[in-house]
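Below: one structure, written as structure tokens.
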Protein chains: 2
Amino acid sequence: MGATLADIARELGLSKMTVSRAINNDPLVKAKTRDRVLEVSRRLNYQPNHFARALATNRSYLIGVIVPDLMHSYFAEILHGIGAVARSAKYQIVIGNSEEYVARELSEVEALRSRTDGLIIAPCAPASKAGLYADMIEDGTKIVLIDRTLDGLDCPMVLTDDVEVGMLATEHLIRLGHRRIGHLRGTITSTSKKRLEGYRKALSANDINYNEALVRECGLMETDGYRAMQAWIEGGDLPTAIFAVNDPAAIGAMQALHEADIVVGKDIAMVGGGNIHYGDMLRVPLTTVSWSRGEMGQAAVRLLIQLIEGNGHDITHQKMILSPSLVVRSSCGAMTSSIVVASQLSPQKN
Amino acid sequence: MGATLADIARELGLSKMTVSRAINNDPLVKAKTRDRVLEVSRRLNYQPNHFARALATNRSYLIGVIVPDLMHSYFAEILHGIGAVARSAKYQIVIGNSEEYVARELSEVEALRSRTDGLIIAPCAPASKAGLYADMIEDGTKIVLIDRTLDGLDCPMVLTDDVEVGMLATEHLIRLGHRRIGHLRGTITSTSKKRLEGYRKALSANDINYNEALVRECGLMETDGYRAMQAWIEGGDLPTAIFAVNDPAAIGAMQALHEADIVVGKDIAMVGGGNIHYGDMLRVPLTTVSWSRGEMGQAAVRLLIQLIEGNGHDITHQKMILSPSLVVRSSCGAMTSSIVVASQLSPQKN
DNA sequence: AAATATAGTTTTAACGGTAACATTCACAGG
DNA sequence: CCTGTGAATGTTACCGTTAAAACTATATTT
């Protein structure tokens, strides 16, 4: 289809190598030669063949990103941050979507690791799969985790302080006078566990007994929250306030409550986590815990590029932990304007 | 890093070619030989090198998708549909995000077309750029348009009947008794023009004069709707109902109205387009026009794969047009439950 | 003027596959 | 016993690029 280095070389009576150097701005070629090469390459509309280059250099300038849910604006925003930094570093993004299925995650990883220079993964796999990832890293695959950690896996990661997330949410409810506080907990992921941990910490710090009956299992997606809440309503014995593991779950739960004519913000308080897009425009604007998804994505790419382009320093143990902050809206009681406490990025060694 | 075909061949005393055939399930190799090859390849953890394969075959099994706004759930859903079909056909998705900037779109296209087997594009470029795309197609690049067309470009595309979108929205408002109906119109994109056309058609079919003062320019994003509505409120002379070019614009406008204490669904009616995620859970659930984004994505990939794998038939002129349907919620007046008229896919030649 | 450095270029050999054609071998049919 | 046939495998060359080593001139030193 397009012209190749050889075509340009032939036309100018040069070797392919010199042309290659000229195209890549190698200072070894004479300025005049470079100009001639560039002129011809423009005329022939030369486009470098990325496959050939990748084969020769073993670098594709592709970054694989594996997210559990593309439709969740939280990950769309992370992707947005990733895209911004990647573009400025001349990398392109290949997407994998696990839809919170472990098997899908693993097959996407397998498909992408050999086609890309490195992966950014928000894993839904349980800690028991950490070994698989460790083997890949051992084998040379570059991996940065984002949003969720994988216990036992030692690689760079960008996370939120999820214990703090649970504490901020729960303490807010306690400050509002609630004592019977429920939790819709996620399963498996590190974030879910830590948010539960924060919930328990906040309770015990305020001398409230942990009551297992008030903690219900629930996935991370809207339908999960909806179903879990429906079951809870049906079974009766509702708490006066609920901390849901994340915003989609909270929104699903709110929908179920709405359908049962239970008014969120009046009959029951709700806090989510993640500050989803449109969370402030919902029927009942959702009080939530927030941190910057854009910064997460950006930080992850920077770490991955360091890993790929290896500047010598070992960054295996580098973790970025973002501090979350509470965003108060009306789902825990009447309130008009939003209060957002600025979130900040805190780099942190090991 | 990993083992190569040559390694396996050496180990078994076979030629690379036979091993290649065995790995690719060529029926020419003896079953017993294939088994031996597979056994060794498993033992050595052989992973085919995609770059080498792509270089030799000129096929990468990558599909580039260029969208104008990743954070808009509309495109996230299209992407989801694309991903589903792509995965089952063993293709991976490379993402480009134009953010509604023409220059960004063109640079992403340029970056992706040589790395992929074909592109699915939701163009924000104006019709004047159609020639550029025509040249690329001439040059062998496979392109399928989605969501928006590019006048003058002849290639497969998957669209909605946007004139119908405008008519459905506007007629709904007319049926509710409105005569002073405003329109927040998009600029440039084919969808915007056609929705405006539908708006005008509906007006004239109902003997309402087209009033230029009631049509305001506005982009396609939430902030655009917000700003346009703010200006309108400030300038006064509001209509009794508004059809916004799409849901994000409608939502932005609703936010501006809310801040000005104008109650949507009571003081003013609002219809959007696209049926965004969470549109039914907003402060005022948004009446909108809907069609299946998943089907759009799926259809686009199928067309692109036909283009790539060329089954002989010329599908250049193939257009898929989805029929939209009205989704009534409360933004045009009190209403509790949603009525959705099922949308359907209508394939259509030329 | 010979020896030495140096800028600019070429040569050779990969990188890891696959396409196309060539070869071998066993066996059937005459 | 020879030949034809088809199944199974092998050979050669090429995909388009770059790394590394090997040349050339030309300039610089002594």
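Computed from a predicted structure; not experimentally measured. So that the names make sense, note that chain A is the first sequence line, chain B the second, and so on, each numbered from 1.
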Practice task
Give a yes/no answer on whether the side chain of B:N24 brings an N or O atom under 4.0 Å of OP1 or OP2 in C:dT18.
Solution key: yes

Practice task
Look at A:R21 and C:dG8 and indicate whether a side-chain polar atom (N or O) is within less than 4.0 Å of OP1 or OP2.
Solution key: no

Taking the side chain as every heavy atom from C-beta outward, state whether [X] and [Y] have any atom pair closer than 4.5 Å.
X	Y	answer
B:R148	B:P68	yes
A:I146	A:M157	no
A:I23	A:L5	yes

Exercise for the section: With heavy atoms under 4.0 Å as the rule, sort B:T4 into base, sugar-phosphate or nothing. Expected result: sugar-phosphate

Exercise for the section: Tell me what A:S15 touches on the nucleic acid: a base, only sugar-phosphate, or nothing, going by heavy atoms under 4.0 Å. Expected result: base

Between [options], which nucleotide has the shortest distance from any of its atoms to the side chain of [X]?
X	options	value
A:T33	C:dT9, C:dT18, D:dA20	C:dT9
B:Y46	C:dG16, C:dG8, C:dG17	C:dG17
B:T57	D:dC15, C:dT18, C:dT9	C:dT18
B:M17	C:dG16, D:dT9, C:dA19	C:dA19

Practice task
Flag this pair as yes if the NZ/CZ of A:R42 is under 6.0 angstrom from the six-membered ring centre of A:Y46 and inside a 45 degree cone about the axis; otherwise no.
Solution key: no

Fill in the blank from the handout: Test side chain to side chain contact (heavy atoms under 4.5 Å, CB included), reference A:C124, set A:E105, A:E99, A:R104, output is A:E105

Any N or O donor-acceptor pair under 3.5 Å from the base of [N] to the side chain of [X]?
X	N	value
A:R34	C:dG8	no
B:R59	C:dT18	no
B:K16	C:dG16	no

Within this structure, what is the [atom1]-to-[atom2] distance between [X] and [N], rounded to whole angstrom?
X	N	atom1	atom2	result
A:K32	C:dA7	NZ	C1'	15 Å
B:D26	D:dA8	CG	P	10 Å
A:D7	D:dC15	CG	C1'	13 Å
B:I8	C:dG16	CD1	P	13 Å
B:L5	D:dT9	CG	C1'	15 Å

Fill in the blank from the handout: Sorted by position of nearest nucleotide on DNA chain D, 5' first, the leading residue of B:A56 and B:L14 is B:L14

Fill in the blank from the handout: The residue, B:L28 or B:A52, whose nearest nucleotide of DNA chain D is more 5′ is B:L28

